[in-house]
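Contents: one structure, followed by commentary.
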Amino acid sequence: MNIQKLPMTVLSSDGEHELQGVVYLPEGEAKGLFHVVHGMQEYIGRYDRFMRDVCADGYIVFGFDNLGHGHTARDSSELGYIAPQDGWRRLVDDVELFDRAMKASYGDTLPLYLMGHSMGSFIVRLTAAAYPTYDKLIVMGTGGPNPASGIAIVLAARLKARRGDRYVSLGLENMAFGAYNKRFKDEHDRRSWLTKDVAVRDTYGDDPFCSFHFTVSAMQDLVILNRECNLRSWPGALDRHKPVLLVSGAEDPVGDYGNGVTKVYRALVSAGVPTTMKLYENCRHEILNDDSYDEVVSDILGFIAE
């Protein structure tokens, strides 16, 4: 299929930044709109292969670099910094703004499929609750409730007050992610938890759009995102007529090796939300960059086609 790739920009909810996005257009009449929301310390360009494959199946696929990420950051000093206040809300509102712009440009009668990975999974979970304009939700590489979230939020707030919201705390970062490599320590690579593919990990480490650190304010936003989408009230805020697909690596520490994902699944089912969960054996956090890729794509295409 001849796929057309176009740039697209939308003004962020902060009123200052232009969200730098991309749209993949299939040949002929499109089956629907498919929105990809990327995770922490990455950018939408890392999803090119996946977005092309979904587009080749007949969907208009799109996404953008979140605030503090990729080309939406106006320079390197903005990488890892989202907003002075309530950056987590900005991230959620920006997804809806981009969806609205896409519907205005390509037709508001097309079904909308919303997918988020990692931090992006937290964002889309909250977007789905606040703006139920989607038809199906794909939640990839997500996490369940974190009992330490309250402590982390308070600590980040104190560091912000003392050192400023752009301060980078390696101690806070280590508290949040330091244990992620625990099962993979024999590989002598602090990014081993991402994927079994060493080449992908090396490329990630060499990429300036991936190798930056989050500021304390952005770390606070991340923890709040996780807390808010794991509140007991969250599943009840979703439309019970709109299906959800949970996909994650069985060896993903973000999802507590399947345990956290299962908690999310049970909460959704208990709330009456039609939900399917699949854990990919022997796969880690980035299931689109592991040997699960073909199976994941097939499962997602099958889910949205149902």
Side-chain angles (χ1 to χ4, degrees), residues 7-22 35-47 62-99 101 115-127 130 141-143 149 152-153 155-157 159-161 163-177 191 194 204-229 254 285-286:
M8 182 167 180
T9 60
V10 174
L11 182 64
S12 167
S13 60
D14 72 358
E16 298 179 12
H17 290 82
E18 291 286 341
L19 301 171
Q20 300 297 316
V22 63
H35 189 172
V36 179
V37 181
H38 71 76
M40 173 186 181
Q41 294 171 321
E42 59 166 355
Y43 55 103
I44 201 62
R46 295 190 75 229
Y47 293 79
F62 62 97
F64 60 90
D65 293 342
N66 291 323
L67 288 171
H69 292 78
H71 295 286
T72 294
R74 291 173 292 202
D75 55 52
S76 60
S77 70
E78 290 192 344
L79 290 172
Y81 179 75
I82 297 169
Q85 294 290 332
D86 295 330
W88 66 279
R89 290 187 186 274
R90 297 293 185 202
L91 295 172
V92 172
D93 290 343
D94 283 351
V95 171
E96 168 62 14
L97 286 174
F98 215 93
D99 283 342
M115 186 193 97
H117 168 69
S118 195
M119 183 181 79
S121 77
F122 303 149
I123 295 170
V124 299
R125 285 168 63 182
L126 293 179
T127 303
T142 201
S149 62
I153 291 170
L155 179 57
L159 286 169
K160 280 174 60 177
R163 306 296 294 269
D165 58 359
R166 293 178 183 264
Y167 175 67
V168 171
S169 169
L170 297 183
L172 184 61
E173 187 175 288
N174 185 63
M175 186 177 80
F177 314 120
R191 300 184 182 89
L194 289 175
Y204 182 97
D206 292 337
D207 193 329
F209 281 161
C210 297
S211 54
F212 60 91
H213 296 282
F214 256 28
T215 61
V216 290
S217 62
M219 287 295 294
Q220 186 180 47
D221 289 326
L222 172 65
V223 179
I224 292 175
L225 282 169
N226 173 269
R227 182 192 66 183
E228 292 295 307
C229 73
V254 175
H285 185 53
E286 293 191 345

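On a predicted model such as this, the values are computed, not experimentally measured, just so you know.
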### Task
Report the C-alpha distance between Glu78 and His17 in whole Å, list the side-chain angles of each, state the deciding distance to 0.1 Å, and finish with yes or no for side-chain hydrogen bond (donor to acceptor under 3.5 Å, both in side chains).
CA-CA 11 Å; Glu78 290 192 344; His17 290 82; 2.9 Å; yes

### Query
Got Met119 and His69 here, is their nearest side-chain heavy-atom distance under 4.5 Å?
yes

### Donor-acceptor under 3.5 Å (Thr72 side chain, Asp65 main chain)
yes

#### Entry: Check: Gly80 main-chain N/O paired with His213 side-chain donor or acceptor under 3.5 Å
no

### Task
For the residue pair Arg227 and Ile224, establish whether any side-chain heavy-atom pair is separated by less than 4.5 Å.
yes

### Message
Set out, in order, the CA-CA distance, both residues' side-chain angles and the distance that settles side chain to side chain contact (heavy atoms under 4.5 Å, CB included) for Ile123 and Leu225, then state yes or no.
### Response
CA-CA 7 Å; Ile123 295 170; Leu225 282 169; 4.0 Å; yes

### Query
Would one find more than 12 heavy atoms of other residues, nucleotides or ligands at under 6.0 Å from atom CZ of Arg163?
no

### Query
Between Arg46 and Tyr204, is any pair of side-chain heavy atoms under 4.5 Å apart?
yes

### Message
My understanding is that only residues two or more places apart in sequence, or in another chain, count here; which of them pass side-chain contact (heavy atoms from CB on, under 4.5 Å) with Glu18?
### Response
Thr9, Leu11, Gln20

### Query
Parallel under 30°, tilted from 30 to 60°, perpendicular over 60°: which one fits the rings of Phe98 and His35?
tilted

### Query
Hey, is the main chain of Asp206 close enough, under 3.5 Å, to the side chain of Ser211 for a donor-acceptor pair?
no

### Query
Quick one: does His117's side chain have a donor or acceptor within less than 3.5 Å of a partner on Val37's backbone?
no

### Query
Under the side-chain hydrogen bond (donor to acceptor under 3.5 Å, both in side chains) test, which residues partner Asp94, sequence neighbours left out?
Ser12, Ser13

